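Notes to accompany the following structure.
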Amino acid sequence: MKRRYVVGSVLAIMLVALFAWAALATDAEMYFSSDSNGANRVTNIQEGDEVWIVVYDPDQNIDCDLRDKMWPDIKIMDPKTGAYTIWTPVKDDLTTDYLEETDGDTGLFVSKRAFQVGTRQDYSTDYLNTHVVDNVTPDDFKWGHYMYADATPVPGSDSNVDGDQRGWFGYKDGATKWRYGSDDFGFTVGQMPDTFIHPEYPSYGNWADTYYLIGRFENMDTLVGMYQDPNDSTDVAVTMGKIKDIEAVISWDDEVYKDARVAATITVYDADENLNCSQVEYVPVFIIVNPGSWNPVQTRSATNFCMLKAYGGINTADGIPLDIPIRWFNIYDSGLSATPNLSTNNVQPTKKGSYYIEYPVAGDSPTPVTTFDTADTNGYCRVMFLAQETSQDSGVFVLKLNDIRTDLGFNTLDVRDVLVAYYLDPNDFDDFKLATAYIEERQHSLTSFTDATRGDKSLFWIGRDPVYVQVIDKNANVDPCCPEQVVVHICDPHGEDDSEWVILDETSSNSDVFFTFAGMQLLPVWDALGVGVTTGHGGYQLQLDNWKLEVFNEDSVYARYNDVYYTTASMVLLGDVDITTAFPPTIDRIRVDNDVSFDLMEIADNQVFNGTTTTMYFLDRQGNRVSGYVNSDCVFVEVIDSDQDEDQYRRERIDGYWDGGQNWPFGPEPLNEFECEDMDTQTHSKNALLGDTNIFNDEPNPYPSGPDSYAGTDGLAKVYVLNPRNGYWAAVDLMENGVASGDFVSVICIDLVDVYTCVPSLAVLPGDTIVAVYQDPSNHSDSAWISIKVGIGGGGTPPGQASTTDFVDAEGNTVATYTDADDVYVKVIDPSHAGADTLTGLEVEGIAYDLSYLEGANTDTFITDAITMVDLGAVAGDEITANYTDATDSLDTSMDTVPIISSELEFESFIAKPNPFSDEVTFTFEGAGIPETFAVTVYNMSGHLVWSEELANATEIVWDGQNEAGMPLANGPYIYVAMITDGTDTYTGKGKVFINK
């Protein structure tokens, strides 16, 4: 029993010491800057730009006369792609990474070098303009090669083309092909082992067992920075930056060309593809003639852009499809040579790395429903071209066709042929655009996305807006007495997104309008509740050919209509969730082979962190938003994400493991089972600050048998709270707080301390930093990380976090009195609520008032609206009191008291006190009100002026016994003359005052 008391006493002493030490420490702040002095903070970052890492940590300012240096743990991460900064500090080694103070006594530290956020593989070679995080001898960033994909991207059966497995690209013995010419380059599910240390470009063709694909940053991704004070493990700072994302525009220089033998220009405007202001850069453009108007010449031979992206087009060397999907790492370079195996009479210009498709030509077997007059006897035509930036730093890219017919690979093109130019941002596949042009004339059908009333609609919200499509085509109204049908292809080119063939019905028996009377459901690819298809991981629910459209926020989706007849056998198999049947449906015969029409729609998106504001918060046990410091025994997490309000008729839930627990490489790892004592001590495989102990021991599938077996297990949360000091973390589910609110709050309050014995908690110490992490299931670029400091124990309000309360004027200036005609304002400064919009906890004369952020002031400063004297029941002669209690810390209180005086000037006599005086005397008057002007003049006994003062709106004037020159006057009597006026009435008087020093 004595031993227990001794241990308890020691622990108590340790806690007191810790809190005392924490009181001397300071809280660090981290941010990115565009300059080496840390003066220009940036939160929106253009890919290709350089940033410096900046940390403000005054307790690292050891020597006030020297620029201090420190070698802390720093990391910058892209949670979506897995890109990771290369930061290799060695204490006191100036050849390694470190932070240096900007001057001798600033406490502001900046990295010794800048970090470039993304680049291209080779600016000087157009087909090697692939986006990468760094070069193959990286010094700024590495990795960036994680994504959701399928280990077998284009299997022979076509039965499994999911994108539900998260993993990485690199060497894989016997890999299913992901790139032509690189048979050992593949996709591996899980965490990349540390043995893979050799980064290599996508175009590399000789992979070995230590090689991994050097990855990229993606537009709209969140960059997360973390810093840990090298002398205070509880002090962790978190910051975020947003990679800029600008929607592209593509256009032809003419809509209708007079014939196919003229020149044409395609222009792409895409500012976020301008990575280097001193280099001319390139972007890929795809051009297909009359897409979708023919049946595949062979299985998986592309007839449209969606198929081209899924299967990679034709391999001209052997005449069979590449069977390799187009992704960011191969969109510039197919792997095909600059001299593909084309027929000798094909004069189409060739280019290394281009993509080709196979058009049907006369003589093909079986007989095609339509044919093209291609220059190549096999029907092979190059469809990928590289548009060149018009000048350095323009962000405008131009593709010039000298002769449409020749440059696209044709001998002839027909009148009304449709030329479709597709642009897929090579670093952001949700940014997709297309543009059409026509040969000689345009008389084509019209296709449009609509609402249920057939009104045009271009922006759709997942879950809220069903998708309707309308086609107007007189040619399709063949039988005036009977309703007919047409088919439209809907495609989302982003990643493994959806492709559907849907049937439209004639609106009446003799109409040229066709419509999807039953709206198609618009669903997320990943269900936030974590419940997807039975064959998928977590909430993955994408299925092709199911007559439901599964997409991501911010995606672009197109609809294409071809004026053709499809076979009855194909029509009845559409929507059967089987892409081995009628996918695409078989064309039976042609009505008009070059009648092709399109429409494009966008999926709405909201970013929790948009580069400027963050709509994610900590809440205390009472549900109050808290920032800075929290003194609650537990915390909730709140996320406001309007695009997750996918069903406006019920409250929704976001599961902490919505992807089945695959958050590699930076998600918290469940390496140690939480127990009351004797827990394992494995640390996170990438960085110890990222979490290693799941305090709830919950699923899915945690706890590998050893560190080497971890790479393939699940259990890494997407939404969680983390204590970086000890690695303790907890996944949290978020529940919408009301129908159609888009405001989600964690379903439990995560314990910060052990309130009861052996209850799972984050085991915080005074000053610990708690981090909350969120990633949007429907837009993986939308990631937010926030942090808060913890103040617990008997130490009261944490240092520097105490509030102050003052009576002020409307601008926030402190006042000493109010008149009975004034409005009252109260200002509260509370650093623990910095960044909040509103503040509660104030009472003035027992009446509760809310405060709002004071515009132009520091983020911790709040002010009330005007309060009238009538509201307070106050009159001249009263005193009023304001009391503030921090709603999150009952120990933090502050107050102010102010007298109320009359607004009308009343005068009885002037007073000087004390009299005689030694140091100073105060001139005032008996009466009430505040004079507009108060003046005092002092004379010596000879009548010479020795001092004067005049003040506006004052009730007293103070004199220190010195003359106008600031020299002390001799002891003795002096005559003063005083005057007050309110602009109407003036009162004067005089008297004597004695100096007695």
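In this text the structure is predicted, and so the values were computed from the model without any measurement.
- Tested against F217, the residues W143, F141, Y146, W328 include a single ring-ring contact (aromatic ring centres under 6.0 Å, His included) partner, F141.
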Under the ring pair (Phe, Tyr, Trp, His ring centres under 6.0 Å) criterion, do Y84 and F666 qualify, and how do the steps go?
CA-CA 9 Å; Y84 194 53; F666 305 130; 5.2 Å; yes

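- Residues satisfying the side-chain hydrogen bond (donor to acceptor under 3.5 Å, both in side chains) criterion with D49, sequence neighbours excluded, are absent altogether.
- Residues forming a side-chain hydrogen bond (donor to acceptor under 3.5 Å, both in side chains) with D270 (at least two apart in sequence, or on another chain): Y423.
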For D645 and R464, run side chain to side chain contact (heavy atoms under 4.5 Å, CB included): C-alpha distance rounded to whole Å, both residues' side-chain angles, the deciding distance at 0.1 Å, then the answer.
CA-CA 8 Å; D645 174 26; R464 307 182 204 171; 3.8 Å; yes

Should E736 and Q644 be marked as a side chain to side chain contact (heavy atoms under 4.5 Å, CB included) after you check the CA-CA gap, both sets of side-chain angles, and the distance that decides it?
CA-CA 9 Å; E736 198 171 13; Q644 278 302 305; over 6 Å; no

Dump the intermediate steps for side chain to side chain contact (heavy atoms under 4.5 Å, CB included) on K75 and K686, then the final yes or no.
CA-CA 10 Å; K75 58 187 63 61; K686 302 307 177 189; over 6 Å; no

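- Classification of R120 and E273 as a salt-bridged pair holds, one side-chain N sitting under 4.0 Å from a carboxylate O.
- When the shell of 6.0 Å around NZ of K548 is examined, it contains 12 or fewer heavy atoms from other residues, nucleotides or ligands.
- Ring centroid separation for the pair H780 and Y148 comes in under the 6.0 Å cut-off.
- For Q228, the side-chain hydrogen bond (donor to acceptor under 3.5 Å, both in side chains) test picks out no residue, with sequence neighbours left out.
- Ring orientation note: the planes of F187 and F169 are tilted relative to one another, at an angle of 30° to 60°.
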Would you check, one step at a time, whether the test side chain to side chain contact (heavy atoms under 4.5 Å, CB included) holds for L722 with V773?
CA-CA 8 Å; L722 163 71; V773 178; 5.8 Å; no

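- Side chain to side chain, D751 and S761 fail the donor-acceptor criterion of an N or O pair below 3.5 Å.
- Smallest separation of non-hydrogen atoms from A731 and Y720: CA-CB, 3.9 Å.
- Checking side-chain atoms of T81 against main-chain N and O of R216 turns up a donor-acceptor pair under 3.5 Å.
- The aromatic ring centres of Y774 and F609 sit 6.0 Å or more apart.
- Expressed to the nearest 0.5 Å, how far OH of Y728 lies from CG of D692 amounts to 8.5 Å.
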